[in-house]
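One structure below.
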Protein chains: 2
Amino acid sequence: MTNRNVVSFENIKVACKNCSLATLCLPMGLSPEDMERLDSIVKRGRPFHRGDHLFREGDNLHSLRVITSGSVKTFTPSEDGGEQVLSFHLPGELIGLDAIQNECHTCSAKALETTAVCEIPFHNLEELSSSMPSLQHQMYRLLSREIGQDSEMLTLLGKKSAEERLATFLLSFSERFKKRGFSATDFFLSMSRHEIGNYLGLAVETVSRLFTRFQEEGLLHVERKHVQLLDLPRLATIVHGNENGRSHQRHV
Amino acid sequence: MTNRNVVSFENIKVACKNCSLATLCLPMGLSPEDMERLDSIVKRGRPFHRGDHLFREGDNLHSLRVITSGSVKTFTPSEDGGEQVLSFHLPGELIGLDAIQNECHTCSAKALETTAVCEIPFHNLEELSSSMPSLQHQMYRLLSREIGQDSEMLTLLGKKSAEERLATFLLSFSERFKKRGFSATDFFLSMSRHEIGNYLGLAVETVSRLFTRFQEEGLLHVERKHVQLLDLPRLATIVHGNENGRSHQRHV
DNA sequence: AATTTGTATTGAGCTTGATCAAGTGTTTTT
DNA sequence: AAAAACACTTGATCAAGCTCAATACAAATT
């Protein structure tokens, strides 16, 4: 007996036009027809598990990737086993842009939890974008945005104190979760304290101490990876240098 | 009496195809015909003097700019009069890429000395690139390269010690001067110690002390802005963490 | 349930590089 | 030429945040 009411996974049409992330992602600003053309080159593969590499430094660039669920860190490994975490990525975000220059990845990417991605073969995308000005425009915008974000990070690492760094980090995630329809004040961080510290240019212990201190000061409640932000306004003042009572501000 | 042998400045045809910087700049990889098309949208204006702004944070994006002579710093000013230096630019380098995202500059740019630039109106460039795949490709590459460079800078600020930072800085300039046909070991730095420190996330005093120490150790000779690198190999080992004798290496 | 392994927290002490301060040298202005 | 403004250097002191070490807690394995 065949049951015609059972929803078969094969029948779920995964497509850009149905995707809730479309406004955050490459199709942003594309017409429905253009979106279909983009859709035709996108591949959806098996999900990655925690710790899996999406790609490694040195791999040839094959595809750009958009996270559709889960989260990813990108990082540059160093000879001695260490690494520099470059960024954490949430659904809707495009990764692999660094690899366009030499058709070769300059960083590695690892899934922080079970993660699904759309793959967009770069050569197809490039070809498509040269016959689709709106897609070319969107690519320029996304590449430019990445540059702007990196600049903010340079300021964070060059000028900000440890507490400013962590507050900035937390508010960044708050805003990004909010944009994706999740709570801005109650979320799980998928990365370890070690990875947070690495990303922010701080030792693990410093990150741990700051979480404790922020909690003591009533700014947030934290238990392991679960974070609840209790005082967004005060966190925001910390981000902007805590004008009021900073005895020692870093060199300006 | 008219002297037909006198070279009039009006008769010097400034054009991409004659430009010694073409291989470093946008025309890289373009056919002679495509180069002429690009050339037709490029504007060459009056030179900027030391301290002049090429553009300011918040200005609308009008043109991307390529330095043709002189040098430029880009930086994000902060309310309190401070700034974060984002990069120093030499001839052949393209600036303003951060502004594509929102058609608005996210940083300011100032001439460090007398500086000439080519201006490339972005809307013309974008239009041209959608009918010229090689130009589109070159734009993607340049944007991607910028992202890669920023990542290296994140590692520098996140992980490296003061001496590693300064050595990296010096070798970077060494290589860039070399690529432009100048000496890799004898050059003038157009920025102040303060600007170097700001860029590297260090206090002026630290930069000054490091120059003194590097000189004492025979790595270089420095007098004011004039730098002579005396031991490139040893500087290179410092860049890569000085494997040998580092008592305390920063968290990895 | 017990063991192992990995992750996070907390404390004590130390180091790097910042800050403060004074002085020297250079460039610009008068 | 003198004065003023600015850039750089050098020294003394201090603190933010790192390292080391021990412990606590959680998750995975037996």
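Side chains included, hydrogens not; waters and symmetry mates left out as well; all remaining heavy atoms used. Letters go in sequence order (proteins before strands), and every chain restarts at 1.
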Does a nitrogen or oxygen in the side chain of [X] sit under 4.0 Å from OP1 or OP2 of [N]?
X: B/Thr212; N: D/dT10; answer: yes
X: B/Arg193; N: D/dT9; answer: yes
X: B/Lys225; N: D/dC8; answer: yes
X: B/Thr206; N: C/dA18; answer: yes
X: A/Ser192; N: C/dG6; answer: no

Grab the [atom1]-[atom2] distance between [X] and [N] for me, whole Å please.
X: B/Glu223; N: C/dG25; atom1: CD; atom2: C1'; answer: 11 Å
X: B/Leu189; N: D/dA7; atom1: CG; atom2: C1'; answer: 15 Å
X: B/His194; N: D/dA5; atom1: NE2; atom2: P; answer: 19 Å
X: B/Met191; N: D/dA7; atom1: CE; atom2: P; answer: 15 Å
X: B/Phe214; N: D/dT9; atom1: CZ; atom2: P; answer: 14 Å
X: B/Leu156; N: C/dG17; atom1: CG; atom2: C1'; answer: 15 Å
X: B/Arg165; N: C/dT16; atom1: CZ; atom2: P; answer: 14 Å
X: A/Phe211; N: C/dA8; atom1: CZ; atom2: P; answer: 10 Å

**OP:** Tell me yes or no: between the side chains of B/Ser108 and B/Glu57, is some donor less than 3.5 Å from an acceptor?
**Re:**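 Result is no, nothing qualifies.
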With a 4.5 Å cut-off on side-chain heavy atoms, are [Y] and [X] touching?
X: A/Leu97; Y: A/Leu64; answer: yes
X: B/Thr76; Y: A/Thr155; answer: yes
X: B/Val66; Y: B/Leu21; answer: no

Subject >> Given D/dT10, D/dT19, C/dG17, the nucleotide with the shortest approach to the side chain of B/Glu205 >> reply: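 My answer, after comparing the listed nucleotides, is D/dT10.
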Original post:
What's the closest nucleotide to the A/Ala203 side chain, out of C/dT10, D/dT19, D/dC8?
Top reply: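 Nearest nucleotide to the side chain: D/dT19.
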Subject >> Rounded distance (nearest 0.5 Å) linking atom CD of A/Glu83 with atom SG of A/Cys107 >> reply: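 One finds 11.5 Å between CD of A/Glu83 and SG of A/Cys107.
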Original post:
Below 3.5 Å, does any donor atom in the side chain of B/Arg50 face an acceptor in the base of C/dT28, or the other way round?
Top reply: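 Answer no: no donor N or O sits under 3.5 Å from an acceptor.
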Subject >> 5′-ward residue of the pair A/Arg209/A/Arg224 relative to DNA chain C >> reply: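 Between the two, 5'-proximity favours A/Arg224.
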